Structures are given as C-alpha cells and as structure tokens.
Number of protein chains: 2
Amino acid sequence: MIGDAPELSLLAPTELRAWRGMLRVHAALAKALDQQLEAAHGLQLSSYEVLMYLADAEDERMRMCDLASSILLSRSGLTRLVDRLQREGLLERVACSDDARGAFAKLTPAGRDKLRAARATHLAGVRAMFLDRFSPDELAQLGDAWDRVLDATGWGCCK
Amino acid sequence: MIGDAPELSLLAPTELRAWRGMLRVHAALAKALDQQLEAAHGLQLSSYEVLMYLADAEDERMRMCDLASSILLSRSGLTRLVDRLQREGLLERVACSDDARGAFAKLTPAGRDKLRAARATHLAGVRAMFLDRFSPDELAQLGDAWDRVLDATGWGCCK
DNA sequence: GCGAGGTCGTTGTGTGCGCAATCAGAACGC
DNA sequence: GCGTTCTGATTGCGCACACAACGACCTCGC
C-alpha cells in the first residue's frame with residue numbers, strides 16, 4: 001500500500017508506472033549512491049561530481065561558472081561547495097590570469113587520490129544498481145529518449 | 001562544452017548517455033514542473049504531491065507516517081509541510097480515534113478545489129515533457145526496467 | 001496491573017541550497 | 001580616457017530538508 005500511486009483517473013497504468021517509477025528510481029539511486037560513497041570514502045555525491053569534472057578537465061582545473069553549470073548547481077551553491085572541498089584540501093582556488101574576476105578550482109594531489117578511489121566505488125554502484133538492469137539495446141534507446149525529453153524542456157544545451 | 005560528461009575512461013559512451021541523461025532529465029523535469037505549478041497555482045511540487053495522495057485516499061485522509069513514506073519525505077519534514085498546507089487552509093489535522101498518538105491529514109474543500117485545477121496543469125506538463133517522448137512500447141519497457149532497478153536498490157516495497 | 005520496548009508525531013539543531021544584492025573587473029561606445 | 005553596461009564570484013538571507021531527541025501513547029510479556 002505504501003508505494004501506491006494515485007492519478008489513476010487521469011493517467012494510464014503504463015504511463016503512471018513509467019513516470020512514478022523514474023521518480024522513485026532517482027530518489028533511491030541518489031540516496032543509495034550517496035550513502036555508499038559517504039561510507040566508503042567520506043565523500044558526498046555533490047563533492048564527488050566536482051572532483052570528477054575537475055579530474056577530466058584540461059590541467060585538472062575549471063572556471064567556477066563552468067563547473068557550476070556542469071554539476072547543475074547555482075553559482076552561489078558552488079562557491080560554498082568549493083569552500084568545503086578547499087577546507088578538506090581536495091582542491092584549491094587559482095587566480096585566472098586572463099580575467100582577474102575569474103577563479104579556477106584546481107584539483108590537488110590529495111583530491112586526485114581521493115577521486116581515484118571514489119570513482120571505482122561509485123561506478124561499480126551505478127553499474128550494479130542501474131546499468132546492469134538494462135540491455136545494451138535498452139540503454140541506447142534510453143539515451144535517445146533522454147535527449148528528446150531534454151529538448152522538450154528546453155535544456156538541450158544551455159543552462 | 002557545458003553539458004559534457006567525464007568518466008569517459010570507465011564508462012562506455014552508451015552507458016554514460018543513459019546514466020547522465022537520467023540525472024539531467026530528472027533535474028530538468030523537477031525544475032520545470034515545479035515552476036509551472038508555482039506560476040499557475042502558487043503550489044509547490046511537494047505540496048501538490050501531498051494533496052494528490054490525500055485526494056486519492058479513502059475519505060480524503062491519510063496517517064502522517066503513511067503520507068511521509070508515500071511522498072518520500074522524512075516524518076519531520078512532513079510535519080512542517082503539513083503545517084504550511086494547514087496554514088493555507090488546504091488540509092486539516094484530524095485526531096485518530098483508534099490510536100491517540102496518531103493524526104490524520106485530511107483534505108479540505110479548498111484543498112480539493114486547488115488540487116483539481118493543479119492536477120490538470122501538472123499532468124499536462126508530465127505528458128508534454130515526458131510521456132509523449134516515449135512510444136507505448138517504450139513506456140511499458142521502462143516500467144519493467146524501473147522495477148528491476150528498485151529491486152536492486154532494495155526499495156521493492158518498503159521504506 | 002505494570003514495566004520494557006516500540007511507534008507516532010513534533011521540536012531543536014545543523015546543513016545545503018537558491019535568490020537577490022553586492023563588489024571587482026572586463027568590454028564597449030564615444 | 002571615461003562612463004555605461006555586462007559578467008564572475010561572493011555574501012546575506014530565508015527556506016526546506018534530515019537527523020536526533022523528546023513526550024505521549026500502544027503493545028507485549030509476565
């Protein structure tokens with residue numbers, strides 16, 4: 001009875017299952033992956049995302065505003081998140097020579113090590129709980145569908 | 001460059017697209033639907049969820065703890081959310097005769113009217129931005145896949 | 001009865017977020 | 001050069017949440 005979903009009168013059962021399923025799946029995965037990462041490496045999912053983008057960026061550094069839009073966080077939110085990670089020594093702020101307003105967040109060696117360990121844990125979780133539940137065909141189909149949805153919400157490329 | 005995703009080294013492109021696609025789709029839909037509801041009816045998505053579950057429940061009322069687990073919110077979070085909705089006159093607290101500890105949240109006529117209007121808006125949005133982007137076959141397939149994922153996270157029925 | 005342990009809802013506290021305002025610096029017109 | 005306007009990052013503030021602790025109450029064993 002707990003997980004039951006209303007809206008029966010206006011949504012076909014198949015539609016309802018597909019829609020509310022996604023909401024529950026997202027909530028469950030976010031929580032499970034976050035706890036897993038926290039338990040194994042004392043790292044929150046949002047912090048992990050920052051480190052991951054930095055690690056894959058040119059010279060292991062990114063401008064604050066690019067980082068904010070990459071991880072879908074407001075600029076002010078990123079300021080505080082980077083503050084925390086800087087206090088933990090996982091990244092540092094570096095002034096931008098081209099633009100004196102700007103700042104880079106740059107991975108430290110400690111951050112790189114932390115990420116290397118965390119990434120294995122995280123991706124194993126994503127695989128076990130999500131990717132492995134789909135066939136290769138389904139994954140490809142899903143990728144296409146997400147793009148169609150993002151177009152519909154006007155999130156194709158920006159913001 | 002904004003929406004680019006790292007993890008290239010460890011995840012196949014198809015996997016990456018399916019995984020990060022879902023994260024972005026969820027974020028985009030949650031934001032868009034919330035803004036839509038807020039603009040049209042001055043109602044937040046979390047408030048809408050409460051009203052919706054109540055409307056579809058027996059006698060338009062639910063126990064606080066059942067409601068909390070239905071909308072995936074902590075008990076304390078629900079206490080405050082119900083506080084707000086009660087102040088707005090959309091629901092009322094009713095004592096539970098069977099169990100003196102318990103309380104029901106019960107829809108008021110105002111809440112029922114508010115929901116009737118909001119539900120049309122919300123479902124239209126879900127349809128336009130999400131459901132319409134999938135074929136009937138895909139929707140059915142998706143529903144099955146979500147169940148498999150929920151099993152993998154241990155959220156099959158409880159919590 | 002009645003005490004131990006569990007459950008329901010609320011409250012205190014801390015955290016993380018977005019929005020709006022702010023400041024410094026860049027970019028542009030003239 | 002010098003104002004106007006725009007942009008990047010930070011800060012003040014309020015909000016909504018989770019967690020933990022609490023009081024009230026139920027339940028079960030004895």
Side-chain angles (χ1 to χ4, degrees), chain A residues 2 23 26-28 30-35 37-39 42-50 61-88 91-106 158-159, chain B residues 1-2 23 26-28 30-35 37-39 42-50 54 61-88 91-106 158-159:
Chain A
I2 296 279
L23 299 183
H26 181 273
K31 187 159 217 164
L33 291 169
D34 191 78
Q35 287 177 344
L37 216 50
E38 182 76 43
L43 206 59
Q44 286 182 293
L45 203 47
S46 54
S47 306
Y48 169 81
E49 288 249 291
V50 169
R61 67 201 177 113
M62 283 179 76
R63 287 290 292 267
M64 295 292 282
C65 63
D66 295 336
L67 197 46
S69 55
S70 289
I71 65 172
L72 305 177
L73 193 64
S74 68
R75 286 201 309 278
S76 62
L78 183 71
T79 292
R80 270 100 175 197
L81 180 49
V82 165
D83 283 348
R84 295 194 291 275
L85 292 173
Q86 190 172 23
R87 272 198 295 277
E88 294 172 35
L91 57 74
E92 54 187 349
R93 279 183 169 84
V94 177
C96 175
S97 53
D98 298 356
D99 185 341
R101 292 168 303 180
F104 287 102
K106 184 178 192 323
C158 54
K159 194 72 193 77
Chain B
M1 197 54 93
I2 296 280
L23 299 183
H26 181 273
K31 186 158 217 165
L33 291 169
D34 190 78
Q35 287 176 344
L37 215 49
E38 181 76 43
L43 206 59
Q44 287 182 291
L45 203 48
S46 54
S47 305
Y48 169 82
E49 288 248 291
V50 168
L54 289 181
R61 66 200 178 117
M62 283 180 76
R63 286 291 293 267
M64 295 292 282
C65 63
D66 294 337
L67 197 47
S69 55
S70 289
I71 64 173
L72 305 177
L73 193 64
S74 67
R75 288 202 309 278
S76 62
L78 183 69
T79 293
R80 270 103 176 193
L81 179 49
V82 165
D83 283 348
R84 295 195 292 273
L85 293 172
Q86 190 172 24
R87 272 198 294 276
E88 293 171 36
L91 56 75
E92 55 188 348
R93 279 184 169 84
V94 177
C96 175
S97 52
D98 297 356
D99 185 341
R101 292 169 304 180
F104 286 103
K106 186 179 191 325
C158 52
K159 186 72 191 69

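Source: prediction; values computed, not measured.
Proximity of B:Ser46 to B:Leu81: side-chain heavy atoms (C-beta onward) are separated by under 4.5 Å at one or more points. Using a 4.5 Å heavy-atom threshold, the side chains of A:Arg84 and A:Leu91 count as separate. Between B:Asp34 and B:Gln44 there is a side-chain heavy-atom pair separated by less than 4.5 Å.
The side chain of A:Thr79 sits closest to D:dA9 out of D:dA24, C:dA26, D:dA9. Distance from the side chain of B:Met64 is smallest to C:dG9 among D:dG8, D:dA24, C:dG9.
In this structure, the CE atom of A:Met62 is 11 Å from the P atom of D:dA9, given to the nearest Å. For the pair A:Asp98 CG and C:dG25 P, the interatomic distance rounds to 16 Å; values are reported in whole Å. Nucleotide D:dA9 holds its C1' atom 15 Å from the CG atom of A:Leu91, rounded to whole Å. The CG atom of B:Asp34 sits 16 Å away from the P atom of D:dC15 (whole-angstrom rounding). Atom pair A:Asp99:CG and C:dA27:P shows a separation of 6 Å (rounding to whole Å applied). Computed from coordinates, the B:Asp83 CG to D:dC17 P distance equals 12 Å when rounded to whole Å.
Residues A:Thr79 and A:Met64 approach most closely at CA-CE, 4.0 Å, considering heavy atoms. Here the shortest heavy-atom pairing between A:Gly102 and A:Arg63 reads CA-NH2, 3.4 Å.
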ask   = Step by step, would you call B:His26 with A:Leu23 a side chain to side chain contact (heavy atoms under 4.5 Å, CB included)?
value = CA-CA 8 Å; B:His26 181 273; A:Leu23 299 183; 4.2 Å; yes
query = For every nucleotide of nucleotides 14-23 of chain C, 5' to 3': is a protein heavy atom under 4.0 Å from its base (B), only from its sugar-phosphate (S), or from neither (-)?
reply = --SSBB----
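The phosphate of C:dT10 has OP1 or OP2 within less than 4.0 Å of a side-chain N or O from B:Arg93. Residue B:Arg63 places at least one side-chain N or O closer than 4.0 Å to OP1 or OP2 of C:dG9.
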